[in-house]
Student: 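First, the structure itself, so that you have it in front of you.
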Amino acid sequence: MADSSHIKESEVVPLHEDSEELSPATLHLVNMAGSSDDTENFVFSEEGDDSMRKRPKSKMKHSKTCGVCGDRALGYNFNAVTCESCKAFFRRNAFKDTVSQIKCLFKGNCVIDLRTRRFCPACRIKKCFEIGMKRDMILDDGERKARMAKVLHNRAKKGQNPITTTGIKEEPIDHDEFRVESSNISSPSCSESVQSPSATSSTANCSDKLFQQILQDRFPTDPGMYRQLTEPDRLLLNDIAVCYETTVAALPDMDFCQPENYQNANDLVNNSEMCVRQLIKFVKRLDDFRSLCQEDQIAALKSAIMKSLLLRSVAFYIMEKDAWLTQKGEIPTSILREATGFNFLHDLHVGYCRTLKSIILNNFTLYALLQVLMIFHPDGNNLLDRELMSNLQDKYINLLKHYLESEYSFEFAQEYFVAILGKMSELKTLSDHHSRILLQVNPNQIEPLMLEVLNLK
DNA sequence: CTAGCCTTGACG
DNA sequence: CGTCAAGGCTAG
């Protein structure tokens, strides 16, 4: 796949092979810089200036001068020879509106040099453009993301830091910081939108009675009917729930959550990238995931990705509105139909959302547990140690069962458990259908991270 | 916000 | 492997 992130002017504009010599163009720039009447521009020559500013030793040969302020330059930045500070300045300000956002308080012809460069951003940015700095060489949001994704991908491949999500400060999270009473999180009906189960005609058949119970909180009063979770189980559950709430369940800040940003399958895939990142964050915080070898981490994640996105779509489905909740409001499920042209897929997916939602409601502890179960699945592609995976699956299936028994009583847990697992196996079928969307995408227009996790390369 | 320093990927 | 030119981080 071609690297799309760097096909910019930097490749078209001929750069000078020889770093020792100043090209005519560079000379021109330097002359311009020197043409200001302030001779202090050039006080920082080879020696005598280190007392006040650090400089990379061993780079004495870099005697270039910033075309904007005359400070020492290391080379080209955004198509002109500039110092580090003007580079950073340009990056920060190149897209600001020079009329309303940066204004010269004087006559618009301030002298910009090492000393005065901070005084007038307006004239400084003007000079940046004058010496030929090009703002289209600043990576835009998508390009930046692509670049980050590449870095992450490489890191993951090198294995120092298996699957890093942001590349930015991946410090181990302090769970205690988030620790809340587990009862808070796991309350089965932390509902703001408890719906009438009437809409759930198709698949909820077996368990209607149960869900009536759940909805109406008609559970046994005898404490003996409930399992007492062991301390390790309780802690584990709490950890999972907290992780989930702070990653997958945290609505990411996505400014594209408008129906018009879902035109086709490419958009659909690309707009899921944030969710994938959250998912990666989530699994990385699971001790059991980290204990897997790196190959299996990646295999497990890849195998679970589609199902996880679907599960997430259930968690954020709003039944009354037939829409998904996003940070920017609700987005109708019809975008799925419109972006792909697959009516049946839309109906299947929404049907699934409705039935599973009516079972799980807004119990995010359950979503978290199911998400974990999705990851530890022994039949994923390319897994090396399937037995280990199966053991982990056992562990969390048990945890799920115990959790249900502790929350919903022995009387109801069994049925609930079966219903949930049934829906989980259905997820596989749905996810296979969804894979057909991927046949529509143009890999050249897909974010690298998504290419990677969806095996689109 | 500024500016220095650092990390990266591409390229020769 | 060194250089270049992106972006990120952060003390001030």
Side-chain angles (χ1 to χ4, degrees), chain A residues 1-23 25-26 29 44 49-96 101-103 105 110 112-125 127-128 131-161 164-171 277 447-449 452:
Chain A
M1 151 204 74
D3 170 21
S4 58
S5 68
H6 270 80
I7 325 178
K8 299 214 94 174
E9 211 152 351
S10 49
E11 289 180 354
V12 185
V13 173
L15 299 182
H16 329 289
E17 359 21 77
D18 185 349
S19 58
E20 300 294 333
E21 291 244 75
L22 297 181
S23 73
T26 313
L29 304 183
F44 296 108
D49 56 317
D50 279 343
S51 51
M52 58 181 294
R53 292 168 353 89
K54 272 169 273 166
R55 66 148 78 161
K57 346 86 213 119
S58 85
K59 292 238 168 166
M60 284 306 196
K61 60 178 174 183
H62 289 102
S63 50
K64 299 193 185 83
T65 310
C66 173
V68 179
C69 70
D71 196 358
R72 181 195 323 289
L74 292 181
Y76 280 78
N77 291 302
F78 310 111
N79 196 50
V81 176
T82 74
C83 62
E84 281 284 290
S85 69
C86 288
K87 163 186 151 188
F89 172 83
F90 186 75
R91 198 169 51 210
R92 285 192 305 268
N93 296 282
F95 286 100
K96 285 194 184 151
Q101 286 179 280
I102 329 178
K103 241 190 192 139
L105 299 173
C110 303
I112 305 296
D113 63 27
L114 178 59
R115 194 170 41 84
T116 62
R117 65 190 179 192
R118 254 179 300 183
F119 300 164
C120 183
C123 289
R124 189 179 185 184
I125 197 72
K127 195 160 176 188
C128 288
I131 66 158
M133 295 181 83
K134 294 198 187 319
R135 66 179 178 185
D136 61 291
M137 291 179 70
I138 300 171
L139 306 191
D140 67 28
D141 215 49
E143 292 166 316
R144 227 174 339 108
K145 272 199 268 175
R147 187 178 192 262
M148 265 341 280
K150 193 170 297 175
V151 170
L152 298 175
H153 178 228
N154 285 345
R155 267 189 212 158
K157 225 166 48 182
K158 272 199 273 179
Q160 325 128 317
N161 199 358
T164 317
T165 49
T166 60
I168 305 162
K169 270 210 311 195
E170 266 302 315
E171 81 295 337
R277 287 179 184 279
E447 305 281 352
L449 176 66
E452 175 69 22

Student: Using whole Å, report how far CZ of Phe90(A) lies from C1' of dG4(B).
Tutor: 20 Å

Student: Just compare dG7(C), dT2(B), dC1(B) and give me whichever is closest to any side-chain atom of Pro121(A).
Tutor: dT2(B)

Student: Rounded to whole angstrom units, what separation is found between the NZ atom of Lys87(A) and the P atom of dC1(B)?
Tutor: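 After rounding, the gap between these two atoms is 18 Å.
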
Student: For the side chain of Ala88(A), starting at C-beta, report the closest nucleotide among dC1(B), dA3(B), dG7(C).
Tutor: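 Selected nucleotide: dA3(B).
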
Student: Any side-chain N or O of Asn93(A) under 4.0 Å from OP1/OP2 of dT2(B)?
Tutor: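 Yes, because at least one side-chain N or O of Asn93(A) sits under 4.0 Å from OP1 or OP2 of dT2(B).
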
Student: In whole Å, I'd like the distance from the CZ atom of Phe95(A) to the P atom of dC1(B).
Tutor: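 Those two atoms, CZ and P, are 16 Å apart.
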
Student: Tell me, please, whether Phe89(A) has Arg117(A) positioned over its six-membered ring: NZ or CZ under 6.0 Å from the ring centre and within 45 degrees of its axis?
Tutor: no

Student: When you compare the side chain of Arg124(A) with that of Ser85(A), does any pair of heavy atoms fall below 4.5 Å?
Tutor: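 A side-chain contact exists here, since the closest heavy-atom pair is under 4.5 Å.
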
Student: May I have the distance from Asn77(A) (atom CG) to dA6(C) (atom C1'), rounded to whole angstrom?
Tutor: 8 Å

Student: Closest approach of Asn79(A) and Gly132(A), non-hydrogen atoms and distance?
Tutor: ND2-O, 3.1 Å

Student: As a test of reading the structure: which of dA6(C), dA3(B), dC6(B) is closest to the side chain of Arg92(A), going by heavy atoms?
Tutor: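 Of dA6(C), dA3(B), dC6(B), dA3(B) is nearest to the side chain of Arg92(A).
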
Student: What is the minimum heavy-atom distance between Ala80(A) and Met133(A), and which atoms define it?
Tutor: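 Closest approach of Ala80(A) to Met133(A), heavy atoms only: CB-CG, 3.6 Å.
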
Student: Roughly how many Å is it from CZ in Phe89(A) to P in dC5(B), rounded to a whole number?
Tutor: 20 Å

Student: How close or far is atom C1' of dT2(B) from atom CZ of Arg115(A), stated in whole angstroms?
Tutor: 17 Å

Student: Calculate the interatomic distance between Leu74(A) atom CG and dA6(C) atom C1'; express it in whole Å.
Tutor: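 Atom CG in Leu74(A) sits about 13 Å away from atom C1' in dA6(C).
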
Student: Between Arg117(A) and dA3(B), is there a contact of a side-chain N or O with OP1 or OP2 at under 4.0 Å?
Tutor: yes

Student: Measure from CZ on Arg91(A) to P on dC1(B) and round the result to the nearest Å.
Tutor: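 After rounding, the reported distance stands at 14 Å.
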
